[in-house]
Amino acid sequence: MTDQTQTGGAVGSYTENTSLGFRVRSVFLKHEWLRGYTLLSPTLLVMICLMCVPIFMLVAYSFWTQNYLDIDKTFTFANYEAFFQKPIYVALMMKSIRMSLFCTAVTLVLAYPMAYFIAFKVKSNKLVWLILITVPFWTSYLLRVFAWKVILGYNGVINSGLISLGLLSEPLQFLLYNPTAVVLTLAHAWAAFAILPIYVSLEKIDRSLLEAATDLGDTPTERFWRVTWPLSMPGMVAAGLLVFIPTVGDYVTPRLVGGTTGIMIGNIVQSQFGKANNWPMGAALSVISMILITILVVTFITSTTRARAKSA
Amino acid sequence: MLRDDYIAIKNTSKHFGSVKAVDDITFDIAEAEFFSLLGASGCGKTTLLRMLAGFEQPTLGNIYIDGQPQAGVPPHQRPVNMVFQNYAIFPHLNVHKNIAYGMRKSGLTKAEVDREVDEMLELIKLPGYGNRGAHQLSGGQRQRIALARALIKRPKVLLLDEPLGALDKKLREQMQLELRALQRDVGITFVFVTHDQEEAMTMSDRIAVMSMGKVLQIDSPTSLYEVPKVKEVADFIGTINFFDGSIKGKEGDATVLDVEGLGTVRSTSSGANAPTAGTTTVAIRPEKFNLTFQQPNVEANMVEGSIQAAAYLGDRSHYYIQVPGRDAPIAVAAQNAQRTMEAIDADKHDKVWLTWDEDSALLLNN
């Protein structure tokens, strides 16, 4: 061996590192998916324990039957048959979806101008406006529902205000305890969840696109419908899903402000698990509403993406 | 008969708070002219363009297009169209719908619009691209579509806001020539904003050099380069050597000066407001120097020096010549017209001599 190769060997010597730490590290470096799952693992663990297991139990329950105090664990479709045989269930399910769709529409219509205002008209301190939107969330959901009771009630803010102004002689009775009150309360409760995604999609619109539309002869109104509106659609879709999915199953609001005409499927599910003490039926109703919502959402998403692909 | 004052900018200013982005500008742009606004960023060129488009209203003064005052006219009612810096292609529409976007109020039927869009696609050399989505286009294609979308409206004036800035060098040079040819074809007045002097010189009939909200000089590319009126223009366009000099007197047409590092200089050209006595600035372009390795037999306009640095660029060589009596080296550019090793071996020479013509030394105000 010459001197040259010896020095070369000393400088670039590769001693095989066989320690455990090194081997674990090199496995992680080699496989990106492993790193990804490791990062995800705390969340994944919580999801499995608190989401997947209960849902699996729920599905299992839905195929069992309540036998007064104990549960008959023989597999049966009886609960699902009962759903389709008793008109009350189907009717209530459809009514819940209808109310929720209506509530989603109301929320989007109310949220859009707000999001538009923050995205286009607020020049400085946008963050302050965004924080202000979340202010209602600083109190509990239940308190906000009660607040609407106070506003809409027989001796509530609206009625007493109108009476003291001399516009009414007797309080209005149609304000509270009906589907409209439920929709109003839900729309208020979920407004922020609609405003934020719409705001993000509006904020993302390149301002030069708006200038280009004006330059090509559009009035501000035409420009809105031809550029701003279609480009804000992804935000509208996201907002719609964020409001629709949780409101279908809501039971607190219909219970407190819905009266007898405003009840939704969530109230029946709750009573099956509570007073009626029929867990398998409650589980079946939950599973059915989950499946229905999934079908609706998937159809909605595929149709909107297809519509967008078609127009492009 | 083409109008000379097709666009008339009269005493126009634009103030943003206390900042005067455009400061009392008055000039005309002729019909069917390719006119460039050239300047460094923040010089007010884009603000001026946006005032032509109607996106900004002048604080003072007015702009006339084809004789019509534009103050108070909103952008969508102006007879101008714009090609935006980032092209502003509508991402939710395909190429056809992008180009046809402004044709809704044209009064043409759908079939007629479709035919015009197809003609435009031919013109911009993208036939059959109508159904492509906006996201399937390259930078050069987007640029052409933005151009077609504006040209289909047959505007009186087409405004271009640095439309070639985002393209790579080869494509940019190709687009410069295409744009110039297209402008001659359609005969529409183009107002082109750029910070790239080469780009402006390649394409324009006339260029307005702007700085700090003011127009320094409006001239043809040749005049701007060869006879800049002020020092800023000379400095901004190309490379130039500035020398301090003091005027000795006149000999016929020529002014005789004593110039630092150059000795006695005879000059027959001068810019605007150049002094006729006292101290002045003498400006000489690098390529106006003649570099020799033997002492030439002339009396004036000659200096002896040594090569401080040399860069061989193939078609030409750049030299930095150190002369006695001056700290900064003189930039000299020489064409390598002959195939010789002399240019490459230039730095082996101890002494070099520079000579220049009387009209190459330009007198400017200090």
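Within every chain, numbering begins at 1; the chains are lettered A, B, ... in the order of the sequence lines, protein sequences first and strands thereafter.
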Inset, instruction - Against chain A, work out which of B:Ala88, B:Ala146, B:Ala150 has the most heavy-atom pairs shorter than 4.5 Å and name it. - result: B:Ala88

Legend entry - B:Tyr129 six-ring centre to B:Arg144 NZ/CZ under 6.0 Å and within 45° of normal: no

Inset, instruction - Name the region of A:Asp218, side chain, backbone, both or neither, that has any atom closer than 4.5 Å to a heavy atom of chain B. - result: both

Inset, instruction - Please determine if A:Arg144 forms a cation-pi arrangement with A:Phe137, meaning its NZ or CZ atom is less than 6.0 Å from the six-membered ring centre and no more than 45° off the ring axis. - result: yes

Legend entry - A:Val128 backbone acceptor or donor facing A:Asn125 side chain under 3.5 Å: no

Legend entry - Neighbourhood of chain A inside residues 62-80 of chain B, taking heavy atoms under 4.5 Å as contact: B:Pro75, B:His76, B:Val80

Legend entry - Over 12 non-hydrogen atoms of neighbours within 6.0 angstrom of OH in A:Tyr37: no

Inset, instruction - Measure up the A:Tyr112 and A:Phe224 rings against each other and bin them: parallel (under 30°), tilted (30 to 60°), perpendicular (over 60°). - result: perpendicular

Legend entry - B:Asn81, part contacting chain A, at a heavy-atom distance under 4.5 Å: both

Legend entry - B:Tyr101, part contacting chain A, at a heavy-atom distance under 4.5 Å: both

Inset, instruction - Output the distance between atom OG (B:Ser204) and atom CD (B:Gln197), rounded to the nearest 0.5 Å. - result: 11.5 Å

Legend entry - Segment of B:Phe84 engaging chain A (4.5 angstrom heavy-atom cut-off): side chain

Inset, instruction - Mind checking the CG-CG spacing from A:Leu242 to A:Leu108? Nearest 0.5 Å is all I need. - result: 10.0 Å

Inset, instruction - Give me the ring orientation class for B:Phe90 and B:His92: parallel if the planes are under 30° apart, tilted from 30 to 60°, perpendicular past 60°. - result: perpendicular

Inset, instruction - For the pair A:His188 and A:Trp148, name the ring-plane relationship: parallel under 30°, tilted 30 to 60°, perpendicular over 60°. - result: perpendicular

Inset, instruction - Sort A:Arg226 into side chain, backbone, both or neither according to what part of it lies under 4.5 angstrom from a heavy atom of chain B. - result: both

Legend entry - Distance, nearest 0.5 Å, that separates OG1 of A:Thr107 from CG of A:Leu186: 7.5 Å

Inset, instruction - Below 4.5 Å from any heavy atom of chain A, which atoms of B:Leu159 appear? Answer side chain, backbone, both or neither. - result: neither

Inset, instruction - Pick one of side chain, backbone, both or neither for A:Leu209, based on which atoms fall under 4.5 Å of a heavy atom in chain B. - result: both

